[in-house]
Amino acid sequence: MAQLLDGKAVSAAVREEIALEVAECKRRGVTPGLAVILVGDDPASRVYVNNKRKACLALGMLSEEYALAADTTQEELMRLVASLNEREDIHGILCQLPLPRHLDEQAVIHAIRPDKDVDAFHPFNVGSLCIGDPGFLPCTPAGVMELLRRGGIDPAGKRAVVIGRSNIVGKPMALLLLAANATVTVCHSRTRELAAICREADILVAAVGRPKFVTADMVKPGAVVIDVGMDRDENGKLCGDVDFAAVEPVASAITPVPGGVGPMTITMLMKNTLTAAKATLKD
Ligand code: GUN
């Protein structure tokens, strides 16, 4: 039986620690505030945004949501970001991705002030992570690292393979594993011999966005398997990028979907918002 890396339980523990710090922050006159921008009506994005709001409120943080119409213009969006950049009561700004096709995501990411960029998507924060001097950590990869840490798994000296090279997960995940002294390989849609490379992994992170992509034959016995996927199987049931039933008996530790990486992402967002608010405290 593999060790189950329980994101719900770890999240609850981390959120308790955050709640104490939020209370202390409020006692000193600052309520951590997060503004979330959602453009259009993508149902998955709506669910994520709702969960972010609930997490904020449960921790006693201020949550502001801007649900904008799908035909919002770039100028309108940029104006909103500019006004949130100026607000003293808003410490974190997040624009839920993906944006509708007519909008320029990179322009929005560049417009968010780096010290309010709780997603860590701004090139300043990406660059800081890259040179080993991180400010905010990207939420999903940071959540994975926290799960590993609290599961007693040290990546140092291990072979880590990340499947996926997105800016949100794959690339920053590789950087964090590297910073933790793993030997890291990033695989993607053009990788040859993908299964053979995966089989070399002591830590295998799947962030492909394809249901049950990782099968048992791709996993080295005893490997740690982290599933970042949020997919639907052939029956419309929520599943991950890993065929859990087949892989679990081979792995030494594994994350479930749901209840693995997902809750950790939001917890790390709360942590970044708290960090942003604490930076404004006067001593
Ligand atoms: N879309 C999917 N994941 C994320 C995330 O972590 N942050 C934002 N802003 N959008 C996303």
Side-chain angles (χ1 to χ4, degrees), residues 7 11 14 33-56 63-68 70 72 77-78 80-81 84-85 90-101 103-114 116-126 129 134-147 162 164-176 205-210 226-232 238 240-241 255 257-258 260-273 275-276:
S11 258
V14 178
L34 174 68
V36 175
I37 305 170
L38 172 64
V39 186
D41 43 21
D42 178 64
S45 290
R46 172 37 74 197
V47 172
Y48 294 141
V49 166
N50 286 350
N51 288 340
K52 288 167 187 177
R53 172 199 273 286
K54 275 189 223 155
C56 267
S63 160
E64 263 191 23
E65 186 182 304
Y66 295 85
L68 307 182
T72 297
L77 190 51
M78 300 299 270
L80 173 59
V81 170
L84 293 169
N85 277 341
I90 293 295
H91 306 97
I93 304 169
L94 177 153
C95 181
Q96 187 66 30
L97 304 180
L99 288 172
R101 294 252 303 272
L103 294 170
D104 181 348
E105 263 176 24
Q106 280 306 320
V108 177
I109 287 170
H110 278 73
I112 294 173
R113 247 171 61 174
K116 294 192 177 189
D117 171 37
V118 285
D119 260 330
F121 290 169
H122 191 285
F124 179 88
N125 286 315
V126 178
L129 173 63
F136 293 120
L137 293 179
C139 302
T140 299
V144 171
M145 297 308 288
E146 192 69 31
L147 267 181
V162 179
R165 55 175 158 177
S166 70
N167 289 340
I168 296 184
V169 183
K171 281 186 222 166
M173 187 74 251
L175 288 171
L176 284 184
V205 182
V208 229
R210 292 217 247 151
I226 305 290
D227 190 346
V228 182
M230 283 283 241
D231 314 310
R232 299 266 164 196
L238 191 63
D241 290 351
T255 59
V257 174
V261 175
M264 294 303 296
T265 296
I266 297 187
T267 299
M268 293 301 125
L269 174 69
M270 299 299 110
K271 192 168 176 186
N272 282 346
T273 305
T275 302

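Counting starts at 1 for both ligands and their atoms, in listed order. The figures that follow rest on heavy atoms only: side chains count, while hydrogens, waters and symmetry mates do not.
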For Arg210, all residues meeting salt bridge (charged side-chain N to carboxylate O under 4.0 Å, His left out), sequence neighbours excluded: none
For Leu176, the option from Leu137, Val162, Val144 that meets side chain to side chain contact (heavy atoms under 4.5 Å, CB included): Leu137
Exercise answer, ligand 1 polar atom pairs (N/O) under 3.5 angstrom:
| unit_1 | atom_1 | unit_2 | atom_2 | d |
| --- | --- | --- | --- | --- |
| ligand 1 | 1 (N) | Gln96 | NE2 | 3.3 |
| ligand 1 | 1 (N) | Leu97 | O | 2.9 |
| ligand 1 | 7 (N) | Asp119 | OD1 | 3.1 |
| ligand 1 | 7 (N) | Asp119 | OD2 | 3.3 |
| ligand 1 | 9 (N) | Cys95 | O | 2.9 |
| ligand 1 | 9 (N) | Asp119 | OD2 | 2.6 |
| ligand 1 | 10 (N) | Leu97 | N | 3.0 |

Backbone N/O of Asp227 and side chain of Asp241: donor-acceptor pair under 3.5 Å: no
Salt-bridge present (Arg46, Glu65; N to O < 4.0 Å): yes
Neighbour count >12 (heavy atoms, 6.0 Å) for atom CZ, Phe124: no
For the student: nearest non-hydrogen atoms of Leu84 and Lys116, plus distance: O-NZ, 2.9 Å
